[in-house]
There are 2 protein chains.
Amino acid sequence: MARRPNTNASLRDVAKLAGVSAQTVSRVANGSDAVRSATRERVLSAMDQLGYRPSFAARSLRAGTYRSVGLVMPCDISATGRRFQLEGIATAAAERKYALTLVQLCDGDISLEDASRRMASLPVDGQILGLGSDPSDFATFVPPATIPTVIISTHPHPRCATVSNDQVACSTAIVDYLVSMGHREIRFAGGRREAPANIGRLEGWMAAMAAHGLACHEPLFGDWTADSGYRIGALLAHDDTCTAIYAGNDAMAVGVIYALRDAGRRVPEDVSVIGVDDSLVGVIPRLELSSYRFDDEQVGAIAFDLAINPPLGDVPPHTLVQGAVVKRSTVAPPRS
Amino acid sequence: MARRPNTNASLRDVAKLAGVSAQTVSRVANGSDAVRSATRERVLSAMDQLGYRPSFAARSLRAGTYRSVGLVMPCDISATGRRFQLEGIATAAAERKYALTLVQLCDGDISLEDASRRMASLPVDGQILGLGSDPSDFATFVPPATIPTVIISTHPHPRCATVSNDQVACSTAIVDYLVSMGHREIRFAGGRREAPANIGRLEGWMAAMAAHGLACHEPLFGDWTADSGYRIGALLAHDDTCTAIYAGNDAMAVGVIYALRDAGRRVPEDVSVIGVDDSLVGVIPRLELSSYRFDDEQVGAIAFDLAINPPLGDVPPHTLVQGAVVKRSTVAPPRS
DNA sequence: TCATAAAATGTTTACGTTAACATTCCACGA
DNA sequence: TCGTGGAATGTTAACGTAAACATTTTATGA
């Protein structure tokens with residue numbers, strides 16, 4: 001068994017072994033066609049023999065670029081939505097042959113400033129800051145001049161490009177869809193009242209209802225859990241006029257459905273329920289829940305492009321990405 | 001407003017502006033105390049003025065290390081379990097002040113060879129390959145000599161350190177727990193028959209039952225979905241002797257529960273059901289499902305340490321990480 | 001056979017940093 | 001007043017790579 005080289009071989013080492021110059025080895029390493037095939041063979045064999053691995057450090061020092069973007073996310077990457085954004089960004093990176101440097105920021109240090117400082121010492125050409133709900137220094141943060149910075153946020157940032165899911169459009173699409181099915185009385189069973197996502201959707205629901213000339217009855221709020229959905233569902237079960245409920249997420253939708261059924265109302269025959277996130281596929285037996293699926297792939301792709309290719313203008317762009325309704329359990333309202 | 005520097009300032013630029021040598025700037029940048037405070041001030045101000053950002057490339061070229069590890073994961077990072085491992089690894093990295101370079105490998109190219117080749121050109125000191133179920137070249141793969149390689153896999157690899165959740169221990173813990181509650185007839189409602197995780201758990205279930213002198217009745221298999229759990233639950237509902245069911249995951253457990261209830265059996269009063277992964281917290285209203293929670297933080301931490309600090313011996317270590325039963329809905333069997 | 005162009009290969013240099021060593025400066029005691 | 005020693009700062013070199021340019025080799029046609 002060949003003993004392992006205790007240190008990485010460089011172009012020079014390979015060159016010496018192959019009896020050529022370092023530049024020729026470099027050419028082979030980079031697939032230049034200006035190398036005779038006999039030479040190439042010799043070089044490749046030497047590389048193999050020495051276990052040559054090109055130095056990322058030297059290459060990027062030379063090139064002045066890393067072909068990599070940094071991504072900062074809070075600890076609970078698993079939290080719904082965020083993990084799909086991570087996938088979206090990773091996919092976008094892979095497609096463009098970029099690497100992704102992930103930094104998880106936890107508890108104490110959730111500020112854009114900290115996140116950015118951390119990134120500055122890492123090999124990234126741009127950075128995406130995906131720190132959920134409103135870091136403390138959101139308004140005052142000044143991005144470093146040397147790193148194009150993109151923030152994933154519902155609110156536009158004065159100095160950074162921002163991308164986010166379009167919460168208003170989510171409500172619009174859901175209301176439009178339900179109305180097109182014949183529903184007139186669509187209740188809002190939102191998540192945590194102060195959550196940015198919830199605020200945007202509430203706004204969108206009111207606007208969309210108004211646009212259809214429908215009345216917005218008392219919106220209700222929970223905390224994103226199934227139990228909070230159940231409480232709301234129990235309340236709404238007594239409202240016979242209500243034929244459709246727009247829940248803050250899928251867990252809440254499930255809670256609503258259970259409460260309705262426990263109260264003797266049929267879902268979806270009597271009441272249609274729709275959730276958001278499309279996160280519970282295959283989890284509840286015999287339940288194909290209608291939902292709204294955000295296009296996090298798109299969010300990731302756009303954030304990525306903005307980080308790589310920063311826009312020039314004075315006002316940083318705020319891009320909102322729309323998703324689509326996933327139609328499953330919802331049906332037309334009962335004929336009254 | 002100061003105009004942005006069009007290119008990154010280097011130590012030299014800062015040195016010139018501050019009227020010192022580059023070495024002094026380097027000392028300031030690295031917090032050396034051998035700099036007079038007046039000088040330090042001058043340098044810091046110059047850095048600020050020029051927006052100086054130390055070059056990761058130059059630093060790591062000098063140091064010969066990147067303080068970063070690579071992680072390869074398949075596209076569906078969101079798939080249960082995997083995303084917690086990602087969190088575990090990211091946390092371990094953060095604690096040790098390492099960066100994490102994430103590469104997502106999709107569809108076509110799920111092989112250790114491809115993954116490893118990809119990593120070789122990135123700034124990593126070690127790599128963790130987390131490619132789910134058995135890449136095609138698992139047995140033949142030879143890790144690069146220059147990059148310590150760790151594989152997250154249920155099977156030990158002949159040439160790489162491996163880490164994984166201990167599927168056998170999962171079964172042991174669950175069976176021990178249920179037996180301690182008084183259950184004697186514990187059925188196995190596993191996931192996909194050929195899945196490595198399922199195989200390990202089946203094995204563990206049989207061993208644990210045997211250890212308690214209990215008979216293993218016909219194990220059943222599904223496909224990890226709630227619906228497949230429902231089918232199995234419907235079957236087992238007619239078996240009056242069965243007082244506990246060990247489901248392949250939480251979704252299947254939910255399916256089993258629903259089938260049992262639909263068949264008129266009470267859960268947990270008549271039959272206790274336990275899942276695996278502890279993934280459905282807050283998703284089903286009024287259901288606190290018992291489950292087994294793997295310690296993916298630990299898996300991540302160990303994989304990370306092995307990647308940073310490769311073991312020396314001839315036989316690469318295979319580390320199994322145990323989790324713990326999360327006790328919630330399960331109760332003692334009914335007195336017969 | 002030789003001139004000539006084209007192909008193949010080699011040489012030099014700079015990217016930004018920091019260890020190692022060299023030099024300068026300053027405070028302090030004789 | 002002048003060493004003297006330590007603190008502060010400067011100089012040199014090397015890390016591995018690839019662009020730019022220089023040189024050598026090979027193929028081609030007269």
Side-chain angles (χ1 to χ4, degrees), chain A residues 5-44 46-47 50-68 120-125 144 146-147, chain B residues 5-44 46-47 50-68 120-125 144 146-147:
Chain A
N6 55 355
T7 184
N8 292 358
S10 73
L11 281 186
R12 239 186 291 274
D13 302 324
V14 175
K16 198 180 298 174
L17 181 60
V20 298
S21 73
Q23 183 60 62
T24 297
V25 179
S26 171
R27 282 190 261 257
V28 171
N30 292 288
S32 157
D33 54 358
V35 179
R36 223 179 333 182
S37 61
T39 312
R40 181 192 315 278
E41 288 310 317
R42 221 154 10 109
V43 169
L44 286 174
M47 280 180 172
L50 295 174
Y52 170 72
R53 174 187 174 203
S55 158
F56 175 91
R59 280 188 164 172
S60 35
L61 177 57
R62 194 82 242 289
T65 176
Y66 297 111
R67 283 200 81 79
S68 172
S121 66
L122 296 178
V124 300
D125 301 322
T146 47
I147 315 177
Chain B
N6 56 355
T7 184
N8 292 359
S10 73
L11 281 186
R12 238 186 291 275
D13 302 324
V14 176
K16 199 180 300 173
L17 181 60
V20 297
S21 73
Q23 182 62 61
T24 297
V25 179
S26 170
R27 282 190 262 257
V28 171
N30 292 287
S32 159
D33 55 358
V35 180
R36 222 176 339 178
S37 61
T39 311
R40 184 192 313 278
E41 288 309 317
R42 218 148 19 101
V43 170
L44 286 175
M47 281 180 171
L50 295 174
Y52 171 71
R53 174 187 174 202
S55 157
F56 175 91
R59 280 187 164 172
S60 36
L61 177 58
R62 236 338 347 243
T65 178
Y66 296 112
R67 283 200 82 77
S68 171
S121 65
L122 295 178
V124 299
D125 300 321
T146 48
I147 314 177

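Proteins get letters first, then strands, A, B, ... in listed order; numbering begins at 1 in each.
Closest approach to the B/T39 side chain among D/dA8, C/dT18, D/dG16 is made by D/dA8 (side chain taken as heavy atoms from C-beta onward). You'll find that the side chain of B/R12 is closest to C/dC15, out of D/dT17, C/dC15, D/dT9. Here the nucleotide nearest the side chain of B/Q23, chosen from D/dA19, C/dT17, C/dT18, is C/dT18. In this structure, of D/dA18, C/dT11, D/dT11, it is D/dT11 that holds the atom nearest to the side chain of B/S21. Comparing atom distances between the B/R59 side chain and each of C/dT17, D/dG16, C/dT9 picks out C/dT17 as nearest.
Rounding to whole angstrom units, CG of residue B/L11 and P of D/dG10 are separated by 13 Å. Straight-line distance from the CG atom of A/D33 to the C1' atom of C/dA7: 11 Å, rounded to whole Å. B/R62 places its CZ atom 6 Å from the C1' atom of D/dC15, with the value rounded to the nearest Å. The distance from atom CG of B/L61 to atom P of C/dA19 is 13 Å, rounded to the nearest whole Å. Note: CZ (B/F56) to C1' (C/dG16) measures 13 Å, nearest angstrom. In this structure, the NZ atom of A/K16 is 12 Å from the P atom of D/dG16, given to the nearest Å. Rounding to whole angstrom units, CE of residue B/M47 and C1' of C/dG16 are separated by 13 Å. Across the protein-nucleic acid pair, A/R42 atom CZ and C/dT9 atom P stand 8 Å apart, rounded to whole Å.
When side chains are defined from C-beta on, A/M47 counts as touching A/V25, because their heavy atoms get closer than 4.5 Å.
Remark: A/T24 is in phosphate contact with C/dG10, judged by side-chain N or O atoms under 4.0 Å from OP1 or OP2. Dashed line: the shortest gap from a side-chain N or O of B/N30 to OP1 or OP2 of C/dT18 is under 4.0 Å. Within the structure, every side-chain polar atom (N or O) of A/S55 is placed at least 4.0 Å from both OP1 and OP2 of D/dG16. Distances shown here put every side-chain N or O of A/S60 at or beyond 4.0 Å from the OP1 or OP2 atom of C/dC15.
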Would you list the protein and nucleotides 22-25 of chain C atom pairs, both N or O, that sit under 3.5 Å from each other?
none

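Under the side chain to side chain donor-acceptor pair (under 3.5 Å) criterion, A/S60 pairs with no residue at all, not counting sequence neighbours. Residues that satisfy the side chain to side chain donor-acceptor pair (under 3.5 Å) test with A/S21, not counting sequence neighbours, are A/T24. In this structure, the side chain to side chain donor-acceptor pair (under 3.5 Å) partners of B/S10, at least two apart in sequence or on a different chain, are B/D13. Checked against side chain to side chain donor-acceptor pair (under 3.5 Å), B/S121 has no partners two or more places apart in sequence or in another chain.
Residue contacts shown for B/Y52 are limited to sugar-phosphate atoms, with no base heavy atom under 4.0 Å away.
Under 3.5 Å, the side chain of A/R27 and the base of C/dG10 form at least one donor-acceptor pair of N or O atoms.
For the pair A/Y66 (side chain) and A/F56 (backbone), a donor-acceptor distance under 3.5 Å is absent.
Residues in residues 31-40 of chain A take part in no side-chain hydrogen bond (donor to acceptor under 3.5 Å, both in side chains) pair, two or more places apart or across chains.
Looking at A/L17, A/L44, A/L11 one by one, the single match for side chain to side chain contact (heavy atoms under 4.5 Å, CB included) with A/Y52 turns out to be A/L11.
Comparing B/G19 and A/S10 along DNA chain D, the residue whose closest nucleotide (by nearest heavy atom) sits nearer the 5' end is B/G19.
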